Amino acid sequence: MDLSFTPEERAFREEMRRFFRTEIPAEIREKAGKGEHVSKADLITTQQAMNKAGLATPHWPRAWGGRDWTPVQTYIWLDEMQTNSVPAPLAFNTSMVGPVIAEFGSEAQKQRFLPATANLDIWWCQGFSEPGAGSDLAGLRTSAVRDGDEWVVNGQKTWTTLAQHADWIFCLCRTDPNAAKKQQGISFILIDMKTPGITVRPIQTLDGGHEVNEVWFDEVRVPYENLVGEENKGWDYAKFLLGNERTGIARVGVSKARLLRLRELAKLERIGDKPLIEDRHFREKLTALEIELRALEMTQLRVVAGERDRPRGVPNPMSSILKLKGSEIQQATTELLMELVGPYAMPYHAGAEPEGDNDPQSIGPEYAAEAAPTYFNWRKISIYGGSNEIQRNILAKAILGF
Amino acid sequence: MDFDLNDDQRLLKDSVERLITDKYGFDQRRANMAAPGGWSRTMWAQFAELGLLGLPFAEEHGGFGGGPVEAMIVAEAFGRGLVLEPYLATVILGGGLIRRAGDAATQASLLPQIASGELLLAFAHVEPQSRYELHNVATIARQDGARWRLEGDKGVVLHGDCANKILVTARTAGSTRDRTGIGLFLVDVPGEGVSVRGYPTQDGLRAAEVSLAGATGIPLGDPANALPAIERVVDEALAFLAAEAVGVMAAMHASTVDYMKQRKQFGRAIGDFQALQHRAVDMLVLLEQARSMALLATMMVAEDDPVERHKVAAAAKVQIGRSGRKLGQEAVQLHGGIGVTMEYMVGHYFKRMSMIEILFGDADTHLAQLAEGSGVLEAA
């Protein structure tokens, strides 16, 4: 039993740290660290810098830019990315559709999509959730009917994150309405967002931001060859996709950076005749959260160390603990920031809405503007990616045997 | 980085767990508790035979040179068995203090006696006014010719009623809350000027009130500056207790999950109800977070820097305290009526967990102390 990293792993950490701190523009990291809006251009700049260095898709197959890293290396890469407030590569590209195409796609699909997906030349969005299919995703109804060498797609997707930026959408569509089980009649289809018949309608979230959308499909005609893998096997690919990349789910590094920032900001706020950081009650809340995070970091390391002995691609149910606890801690950091800011958490900056041409400095201290929006926005963390209730169901079944 | 046990550690784990499974069931434990003194001398002899009583000591002292991981293995198994014997008092605290504060001759004479099971020790540090402060010492040590004589009252001395020697903190200089001027003294029991009043604690273990009226004490280490050694040993005890608590919590949780699968109401197992499943899952999260901190405390307790070492030990105590309280209350609740009786194991786990919460400082105390510092996150 040994907590220390090998000299090679320590050198690897140094290398990652140096890369993130020198190759990713400081103003992007600063914006992300403060919780300010990171623009589409910022995300593209970041991912392209990472891709150029072979750091955007380390978990892909080697032939398509993967690095064959150990679980510990992957962990270090993520940890350094998160603690240095580097926006992660677009998950829809690198964690979701990329690995699915690499595993199940045709050679032509791989050639056409993988390099562009890694480099964010194509921006993907995810067409899974529907108004009637949230946690019960297999209840989805968007249909794709074959017509010669085309699919005709009809239906509605929702909660489609950043669809307004997207060039392509990967969709789960019902292709066999008569399948014995609802999971069996679903296919995984790639659709160009410019295809006639697609309408994107923004949904405004509590923070005033435009992150999610509804996407409507009305007689959308898609080449048959855009089917990934086999017809009616889409559910298997979706499960593969959702089981991918679980180590980063706790976002320990993100919370660590936030807690360190809270400690700094609490020196600027005053309570009575002293800085807030000297307030015992505040310090105890902050410290309690740090302890929870330290414990979660250890739990994460235990999961990472355990990966070595697990079959590849089979998600460890323990990662549901990382999601549960990680989301609670992330949300708690946003609560604490709002409490820290006090009255200047109240002004609503209408300008803070989409696309970053905002002026959040106009009222109160500059760090105050993001406090409430982040608090409201981050309520999503315990809902997306399998709500915390779904994670509890998974743990109840997989670990407790209910 | 790995969390695997080596071959020797696996062997140790197997043998301690087998001992607990075979010899420490509910009825056997009750019989042990009813033995004279409240624990079993036969078990103690078996611990000695297995090498557990000398586990942390060097081979030259009849020990096995075990480190924090070995202690953790024993603690976790003892937690599962709710072991009554004075292992913490004698081996971890008593043996630890002799190792950290005693000179070579004292170590050579006393440690082998612990390992063989002959010598029982206790650590007397709590006083009526001290609460959880180790340096809050009103008991006085005065030099009387070549001797030191002790005056004062010590409370809730773990297994103080069976000890052959009690290690007593006493002040040789300064005022009650000074960090310097504290010595550690070995007091023979029975002995002149020593009175010991033993009693059971809520968890079925034993403790004693110890009065010292001119009792003779032999200094262990520097009589003016024993606190650093004491704090180090208490950090080791915190790591041990964290691991014991994990054993207790894991057993409570397993018992709860089992019970939920068996207990039928409304025509089905209560474990079929999602509301209850989710509570059992939340208990699992509490358990795993506690286990993580117990592991971290184990891995950091050999750290030379006392500040870093104590930070992690204290943080572990906070996590253990919070996880343990909630998990224990839920375990009792989900067992229903049987959970609040002496007839079923889960309540006994709950009681031990509640006493572990108190030992060497509860969660609030350690949190308040940690909050004074610069945080518990590792600097990048």
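Quantities reported herein were computed from a predicted structural model and do not represent experimental measurements. A note on names: the letters A, B, ... follow the listed sequences, proteins ahead of strands, and every chain is numbered from 1.
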Chain B contact via A/Glu278 - side chain, backbone, both or neither, heavy atoms under 4.5 Å: neither
Residue among A/Ile277, A/Asp2, A/Leu293 with most heavy-atom pairs under 4.5 Å to chain B: A/Asp2
Interface moiety of B/Gln274 toward chain A, non-hydrogen atoms closer than 4.5 Å: side chain
Side chain / backbone / both / neither for B/Asp272 at chain A, heavy atoms under 4.5 Å: neither
Heavy-atom contact with chain A under 4.5 Å, split by part of B/Val69: side chain
Interface moiety of A/Ile399 toward chain B, non-hydrogen atoms closer than 4.5 Å: side chain
Which atoms of A/Leu296 approach chain B - backbone, side chain, both or neither, heavy atom under 4.5 Å: both
Per-residue contact mode, A/Leu395 against chain B (heavy atom under 4.5 angstrom): both
Best-contacting candidate, B/Gln319, B/Gln277, B/Gln289, against chain A by heavy atom pairs under 4.5 angstrom: B/Gln289
Euclidean distance, A/Glu14 CD relative to A/Glu9 CD, rounded to 0.5 Å: 13.5 Å
Among the listed options A/Glu290, A/Arg302, A/Lys325, the residue most often paired with chain B at heavy-atom distances under 4.5 Å: A/Arg302
Nearest heavy-atom neighbours spanning A/Met1 and B/Leu5: CE-CD2, 3.5 Å
Part of B/Asp4 within contact of chain A (heavy atom distance under 4.5 Å): both
CG (A/Asp309) with more than 12 external heavy atoms under 6.0 Å: yes
A/Lys256, part contacting chain B, at a heavy-atom distance under 4.5 Å: both
Ring centre gap for B/Phe240 and B/Tyr87 strictly below 6.0 Å: yes
A/Arg18/A/Glu15 salt bridge by N-O under 4.0 Å criterion: no
Crowding at CZ, B/Arg177 (>12 non-hydrogen neighbours, <6.0 Å): no
Parallel, tilted or perpendicular, as decided by the 30° and 60° cut-offs, for the rings of A/Trp77 and A/His59: tilted
Heavy atoms of other groups near B/Arg325 CZ, more than 12 under 6.0 Å: no
Spacing of A/Glu80 atom CD and A/Leu55 atom CG [to the nearest 0.5 Å]: 12.0 Å
Under 3.5 Å side-chain donor-acceptor pair for B/Ser255 and B/Asp258: no
Contacting region of B/Met283 [heavy-atom separation from chain A under 4.5 Å]: neither
Ion pair B/Arg322/A/Glu292, N-O distance below 4.0 Å: no
Proximity breakdown for B/Ser374 and chain A, heavy-atom pairs closer than 4.5 Å: backbone
Contacting moiety of A/Asn84, where chain B heavy atoms sit under 4.5 Å: neither
Segment of B/Val376 engaging chain A (4.5 angstrom heavy-atom cut-off): both
Contact leader toward chain A among B/Ala294, B/Ala280, B/Ala254, where contacts are heavy-atom pairs under 4.5 Å: B/Ala280
Contact class of A/Thr299 relative to chain B, heavy atoms under 4.5 angstrom: both
Proximity breakdown for A/Arg13 and chain B, heavy-atom pairs closer than 4.5 Å: neither
Test applied, side chain to side chain donor-acceptor pair (under 3.5 Å); reference residue, B/Arg10; option that passes from B/Asp14, B/Asn6, B/Asp7: B/Asp7
Top of B/His278, B/Met299, B/Met293, B/Lys261 for chain A proximity - count of heavy-atom pairs under 4.5 angstrom: B/His278
